[in-house]
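Inspection log for the structure reproduced underneath, given as structure tokens.
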Amino acid sequence: MNAYPGLPEFDYLKPDTYAEASEFLVAHAGEARPFIGGTDLFVQMRDRVLRPKYLVDVKGLEGMDEISFDNSQGLTIGAAVNMNRLIAAPEVIEHYQILAEAAQSVASYQLRTRATIVGNICNASPAGDTIGASLLLDGMLNIYGGQGMRQEPLSTFFLGPGETILQTGDIVASIQFLLPPDGLKGKYIKLGRNKLSDLSIVGVTAVGYPDADTKSGLHFKLALASVAPVPLVVEQVGEILGSTPVTEETLKGAAEAAMEACTPIDDVRGSARYRKLMVRNLSLNALRDVWHKLRK
Amino acid sequence: MGFHRINLTVNGEFEQVDVTGYMTLLDMLREKLVLTGTKNGCAAGECGACTVMMNGEPVNSCLVLAVECDEAEIVTVEGLASDTQLDPIQKALIDAGGVQCGYCTPGILIASRALIDRNPDPSESEIRAALVGNLCRCTGYMRIIEAVQEAAKM
Ligand SMILES: Cc1cc2nc3c(=O)[nH]c(=O)nc-3n(C[C@H](O)[C@H](O)[C@H](O)COP(=O)(O)OP(=O)(O)OC[C@H]3O[C@@H](n4cnc5c(N)ncnc54)[C@H](O)[C@@H]3O)c2cc1C
Ligand code: FES
Ligand code: FES
């Protein structure tokens with residue numbers, strides 16, 4: 001006998017084409033789900049939160065397993081590229097370090113053999129570790145739907161916990177990032193209940209780069225995880241740190257603004273009050289870290 | 001619900017198995033192939049007791065479907081030793097006293113073997129990071145880390 005319940009019954013299929021996969025999902029709306037690594041989906045099914053009758057394995061579809069880079073198109077990560085591969089990819093290390101840093105904080109090595117960044121995004125948990133970096137790098141999703149491929153910005157993708165703009169039959173094929181601005185530096189700080197491998201109580205992603213168009217000569221961006229119904233980009237941070245010279249004081253002001261902007265809840269991982277204070281402190285640490293890197 | 005016929009290699013042996021869509025790799029190994037070295041500690045990706053190698057990389061077999069292993073190469077703890085010789089990581093774990101109840105051991109062995117395969121000279125912090133998904137409730141980890149350091153030298 002198993003100490004833990006197994007997966008509820010379902011049937012498995014692995015289509016060869018986007019059209020076939022999408023049509024099946026539409027024909028079995030409400031009963032079928034796409035999956036890649038299954039690290040979110042299987043756990044939710046095991047816990048009987050979700051009970052699809054069919055799982056559609058989309059890993060075999062064209063381009064899903066590819067990672068490509070060039071200066072004009074930037075980086076394109078196929079939906080089935082696992083996090084370990086992403087972390088080790090030379091082009092990611094060279095141009096998108098903050099994405100690798102965020103992915104590195106997810107769970108364990110063996111889980112990352114299966115977990116994907118597109119799965120992390122489609123799962124739409126406000127705690128998703130790679131979402132902040134993806135938002136700040138202006139990620140765009142290539143999505144197959146009834147009308148063929150289309151592109152959607154990540155900035156308007158999330159509607160609520162577990163809710164996205166995806167329609168029945170939509171399959172995310174890849175995520176794309178244009179080449180980031182020259183000199184971009186970043187920092188991800190994840191506060192979990194233990195040092196490694198837990199979901200975040202608070203997650204703070206900060207990036208900054210030299211920008212001749214701002215008064216301060218610098219452009220900062222900040223995203224927060226686990227402190228609002230959706231992953232949150234705090235626009236005020238860019239405004240505050242762009243309009244006045246960056247000093248320890250203005251960084252503190254930006255961190256206060258981040259604390260004001262978030263709307264956390266109490267849950268098993270931490271209270272709302274604790275989360276707010278941690279947002280202020282960790283935002284300051286992350287912004288200061290980026291600032292120091294920019295001054296080097 | 002239909003069955004799916006899959007062909008795979010487990011510890012170097014060819015296997016043909018009929019599985020349901022919802023059977024996990026862990027259950028297939030334990031129930032169908034009677035390779036009970038691989039353990040079920042949580043069935044949710046948390047504990048690492050079910051770790052096996054799939055196409056050269058460690059995975060939590062409780063979160064992989066058996067049907068996804070068509071054409072795959074799987075190595076379990078039973079496949080580490082050759083006929084008469086333990087894998088260096090097995091020998092090192094015994095020598096260091098890194099086994100108590102042994103429930104975590106199969107997963108620790110596979111995750112450590114995988115680490116040494118990709119990084120032949122891991123630092124202590126790299127070892128800790130590589131084993132963060134393998135919980136051990138007995139040893140306190142120090143002896144396991146020592147064993148991995150020793151095995152890497154062999
Ligand atoms: C033990 C454990 C620890 C974890 N720790 C962390 C952590 O530290 N940080 C973190 O952020 N997450 C963590 N997770 C959650 C999970 O591993 C990640 O969110 C992972 O990135 C999900 O990727 P996946 O490919 O496995 O997604 P899947 O489970 O395959 O899919 C996730 C969701 O997206 C949908 N979906 C998948 N692919 C597509 C597609 N191509 N198009 C449309 N919809 C799609 C699925 O239907 C499902 O609803 C953890 C999970 C476990 C089990
Ligand atoms: S049984 Fe698979 S991780 Fe615990
Ligand atoms: S030896 Fe008992 S759990 Fe590790």
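Throughout, protein chains are lettered first and strands after them, A, B, ... in sequence-line order, and every chain is numbered starting at 1.
No more than 12 heavy atoms of other residues, nucleotides or ligands lie within 6.0 Å of CD in B:Glu73, so this atom counts as exposed by the packing criterion. Counting heavy atoms of neighbouring residues, nucleotides and ligands inside a 6.0 Å radius, atom CD of B:Gln16 exceeds 12 of them. Atom CD of A:Glu62 is surrounded by 12 or fewer heavy atoms from other residues, nucleotides or ligands within 6.0 Å. In B:Arg143, the CZ atom is not crowded: 12 or fewer heavy atoms of neighbouring residues, nucleotides or ligands sit closer than 6.0 Å. Counting non-hydrogen atoms of other residues, nucleotides and ligands closer than 6.0 Å to CG of B:Asp121 gives a total of 12 or fewer. Applying the 6.0 Å contact sphere to CZ of B:Arg5 captures no more than 12 heavy atoms from other residues, nucleotides or ligands.
With respect to the salt-bridge test (charged N to carboxylate O, under 4.0 angstrom), the residues A:Arg85 and B:Glu57 do not qualify.
In this structure, A:Thr113 contributes its side chain and B:Pro58 its backbone to a donor-acceptor pair below 3.5 Å.
The side-chain heavy atoms of A:Glu9 and B:Thr20, taken from C-beta on, include no pair separated by under 4.5 Å.
How far CG of A:Asn84 is from CZ of B:Arg118: 7.0 Å, rounded to the nearest 0.5 Å.
Between chain B and the residues A:Lys14, A:Met45, A:Gln110, the most heavy-atom pairs under 4.5 angstrom are made by A:Gln110. For chain B, the option among A:Leu111, A:Asn82, A:Leu41, A:Asp57 with the highest count of heavy-atom pairs below 4.5 Å is A:Leu111.
Nearest heavy-atom pair across B:Glu68 and A:Ile36 is OE1-O, 4.2 Å. Minimum heavy-atom separation, B:Gly133 to A:Ser108: CA-CB, 3.4 Å.
For a residue to count as touching a neighbouring chain, one of its non-hydrogen atoms must lie under 4.5 Å from one of that chain's; by this rule B:Ala44 touches chain A with backbone and side chain alike. Looking at A:Lys59, the atoms closer than 4.5 Å to chain B (heavy atoms on both sides) all sit in the side chain, from C-beta outward.
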Derivation of the side chain to side chain contact (heavy atoms under 4.5 Å, CB included) call for B:Leu65 and A:Leu7:
CA-CA 10 Å; B:Leu65 303 178; A:Leu7 290 169; 3.7 Å; yes
Starting from the C-alpha separation in whole Å, work towards a yes-or-no answer on side chain to side chain contact (heavy atoms under 4.5 Å, CB included) for B:His4 and A:Leu13.
CA-CA 10 Å; B:His4 304 259; A:Leu13 65 156; over 6 Å; no
